[in-house]
Amino acid sequence: MRFGKKLWICPSAYEPPVKNAVNIRLDPGLAFGTGTHPSTALCLEWLDAYPPQEKTVIDYGCGSGILAIAAVKCGAKHVTAIDHDPQALAATAMNAEQNGVSSEKLTIFLPTDFQLQEPVDILLANILAQPLIDLATYFRSLVKSEGYCVLAGILNEQMDAVQQAYTAAGFKIMTIRHQQEW
């Protein structure tokens, strides 16, 4: 599947259709995240449109690691992947290895084990609306003042509540994109 102009997700059993594109080989295992869900697709399209060249990134709620791996392959200096599910962390590690993403470029943590060294340039969070609302102030502390917080997993009818929480936390809402009801 292609996302944006040059980002492709391909099951490991198949050869990527475009050799010189940004190709991610992915087998999600038991973790969420293959690119087929509209919220994941929106995040992948954002990464394709705004490659994180030499940026630091957090993928909060990493699932299969799809966004973390895409960020590294799109030029991120370092990505921290965080998830509360140990199976998601195992899937992220397996998919990172399969894609040649080193532990110098991608570190993986449970939320309780993560300690911020310095705020990041970009935070990606493709999780449900209520956890996003609950984490708004915490996310503000993780992102540089001029950084980006890319949120997904929000149904259209939940948008106002999420927007209010992030505005109150000090974020400036720049762009809202929809795909289906997400």
Side-chain angles (χ1 to χ4, degrees), residues 1-14 16-18 21-52 55 57-76 79 81-85 87-89 91-92 95-96 99 111 122-136 138-140 142-143 147-169 171-182:
M1 294 173 48
R2 187 179 79 185
F3 300 91
K5 294 180 181 175
K6 61 188 173 302
L7 181 59
W8 288 81
I9 306 298
C10 184
S12 64
Y14 299 93
V18 181
V22 176
N23 291 300
I24 299 169
R25 312 287 289 209
L26 189 77
D27 295 311
L30 298 174
F32 178 80
T34 61
T36 58
H37 193 275
S39 62
T40 308
L42 287 165
C43 291
L44 290 168
E45 289 170 5
W46 189 88
L47 284 168
D48 179 76
Y50 304 99
K55 305 283 186 200
V57 178
I58 290 175
D59 177 6
Y60 202 96
C62 62
S64 67
I66 189 170
L67 299 180
I69 294 164
V72 169
K73 290 199 153 229
C74 287
V79 178
I82 301 169
D83 205 295
H84 65 86
D85 182 353
Q87 289 181 325
L89 300 181
T92 297
N95 285 319
N99 281 279
I122 301 165
L123 184 139
L124 304 165
N126 182 17
I127 57 179
L128 299 174
Q130 191 58 56
L132 285 174
I133 291 168
D134 296 343
L135 290 164
Y138 176 58
F139 283 178
R140 179 68 270 174
L142 299 179
V143 180
Y148 293 94
C149 185
V150 179
L151 306 176
I154 307 160
L155 291 167
N156 289 335
E157 63 265 17
Q158 301 167 325
M159 182 59 63
D160 289 342
V162 174
Q163 219 174 329
Q164 288 173 6
Y166 279 78
T167 300
F171 285 101
K172 178 182 170 193
I173 309 299
M174 298 181 64
T175 306
I176 297 174
R177 300 229 7 247
H178 302 271
Q179 198 175 98
Q180 297 170 22
E181 71 273 15
W182 298 90

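The analysis underlying the following values was restricted to heavy atoms, covering all of them including side chains, and did not include hydrogens, waters or symmetry mates. Computed from a predicted model, the values in this text were never measured in an experiment.
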Should the pair D48-K5 be classified as a salt bridge under the 4.0 Å nitrogen-to-oxygen rule? no
Could you pull out the closest heavy-atom pair between [X] and [Y], with the gap in Å?
| X | Y | result |
| --- | --- | --- |
| A76 | V57 | CB-CG2, 4.0 Å |
| G63 | T92 | O-OG1, 2.9 Å |
| K6 | A21 | O-CB, 3.4 Å |
| G61 | I127 | CA-CG2, 3.9 Å |
| P38 | Q180 | CG-OE1, 3.5 Å |

Distance check, rounded to the nearest 0.5 Å: [X] atom [atom1] versus [Y] atom [atom2]?
| X | Y | atom1 | atom2 | answer |
| --- | --- | --- | --- | --- |
| Y148 | L123 | OH | CG | 14.0 Å |
| E181 | Q158 | CD | CD | 10.5 Å |
| L124 | I66 | CG | CD1 | 11.5 Å |
| T175 | W46 | OG1 | CH2 | 9.5 Å |
| M159 | W182 | CE | CH2 | 11.0 Å |
| L151 | I173 | CG | CD1 | 7.5 Å |

With a 4.5 Å limit on heavy-atom distance, are the side chains of [X] and [Y] in contact?
| X | Y | answer |
| --- | --- | --- |
| F139 | L132 | yes |
| N23 | C10 | no |
| Y60 | P111 | yes |
| P52 | L47 | yes |

Looking just at side-chain N and O atoms, do N126 and S39 make a donor-acceptor pair shorter than 3.5 Å? yes
Looking just at side-chain N and O atoms, do Q130 and D134 make a donor-acceptor pair shorter than 3.5 Å? yes
Given L44 and M1, is the side chain to side chain contact (heavy atoms under 4.5 Å, CB included) satisfied, shown in steps? CA-CA 11 Å; L44 290 168; M1 294 173 48; over 6 Å; no
Return the orientation label for the F171 and Y166 ring planes: parallel under 30°, perpendicular over 60°, tilted otherwise.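 The rings of F171 and Y166 sit tilted, inter-plane angle from 30° to 60°.
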Sole residue of V22, I9, V79, I24 in side-chain contact (heavy atoms from CB on, under 4.5 Å) with I69: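 Of V22, I9, V79, I24, side-chain contact (heavy atoms from CB on, under 4.5 Å) with I69 is met by I24 alone.
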